[in-house]
Amino acid sequence: MSPADHDQGKWAWVFAPRTPNEKRYWLVKSEPDVFSFDDLRAAPKQTTQWDGVRNYAARNFLRDGMKKGDRVFYYHSSSNPQAIVGIGEVAREAYPDPTATDRKHAGFDAKSDPNNPIWFAVDIKAVAPLKRPVTLTEIKANKTLADMALVRIGRLSVTPVTPKEWETIVAMSER
DNA sequence: GCCAACGTTGGC
DNA sequence: GCCAACGTTGGC
């Protein structure tokens with residue numbers, strides 16, 4: 001798929017050309033029992049390889065949308081409560097997901113040819129925890145956030161966030 | 001190309 | 001633990 005394939009459709013803005021120095025925003029999900037925001041902060045260089053994405057829509061956001069320096073909300077799923085708990089940044093843009101071509105790895109996908117990979121990873125680095133977590137309940141209760149991809153397409157592990165949504169949630173975390 | 005069966009995610 | 005909302009697979 002080439003970037004031109006993203007020109008149409010609902011998410012075209014996510015892939016559209018950027019103005020100089022434009023930063024975009026994303027949300028990534030992790031189960032805290034598996035890898036929490038604190039785990040990320042404790043990792044070497046506070047950075048981890050964000051691999052294991054096996055959904056094409058999420059893959060496209062990750063591979064074609066995310067650029068180095070973009071900010072990401074770090075969301076804890078399947079936890080109590082489900083909430084955005086921290087901010088990270090894209091430390092390295094998309095590269096072939098090594099877990100997809102590793103026969104011994106649970107994420108192995110026989111369809112992914114190492115010479116023509118299907119699945120991609122980025123590196124995510126911790127920036128700072130939110131002053132307080134912003135819960136999914138609060139997000140759903142806020143009309144400004146009704147169109148947020150997190151709410152609309154809940155099961156995706158990588159979703160875009162608009163600047164307005166970003167601002168709104170950061171403000172919520174500060175009061 | 002249609003669609004039923006199945007698998008996965010993740011909120012509840 | 002249940003189930004809604006998908007995406008994927010494979011028979012036809």
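A note on names: the letters A, B, ... follow the listed sequences, proteins ahead of strands, and every chain is numbered from 1.
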Atom pair CE (Met172(A)) and OG1 (Thr135(A)), whose distance is rounded to the nearest 0.5 Å: 7.0 Å
Kindly calculate the angle separating the two end axes of the helix from dG1(B)-dC12(C) to dC12(B)-dG1(C), each obtained from five base pairs, and round it to 10 degrees. 10°
Just call it for Gln82(A): base, sugar-phosphate, or nothing, with non-hydrogen atoms closer than 4.0 Å on any strand. sugar-phosphate
Non-hydrogen side-chain atoms of Lys67(A) and Glu93(A) separated by less than 4.5 Å: yes
Whole-Å distance, Glu138(A) CD to dG11(B) C1', equals 16 Å
Looking at every strand, decide which applies to Ile153(A) at a 4.0 Å heavy-atom threshold: base, sugar-phosphate, or nothing. nothing
Identify which one of Tyr95(A), Tyr74(A), Trp26(A) satisfies the ring pair (Phe, Tyr, Trp, His ring centres under 6.0 Å) criterion when paired with Trp50(A). Tyr74(A)
Transitive ILVMFWY cluster of Tyr56(A) at side-chain heavy atoms under 4.5 Å: who else is in it? Ile118(A), Trp119(A)
Exercise: identify the closest heavy-atom pair between Arg41(A) and Gln46(A): O-CG, 3.3 Å
Against Asp70(A), only a single residue in Arg18(A), Arg24(A), Lys125(A) fulfils salt bridge (Lys or Arg N to Asp or Glu O under 4.0 Å); can you say which? Arg18(A)
Can you check the Tyr56(A) OH to dT8(C) P distance for me, whole Å? 6 Å
Side-chain N,O (Arg155(A)) to OP1/OP2 (dG7(C)) below 4.0 Å: yes
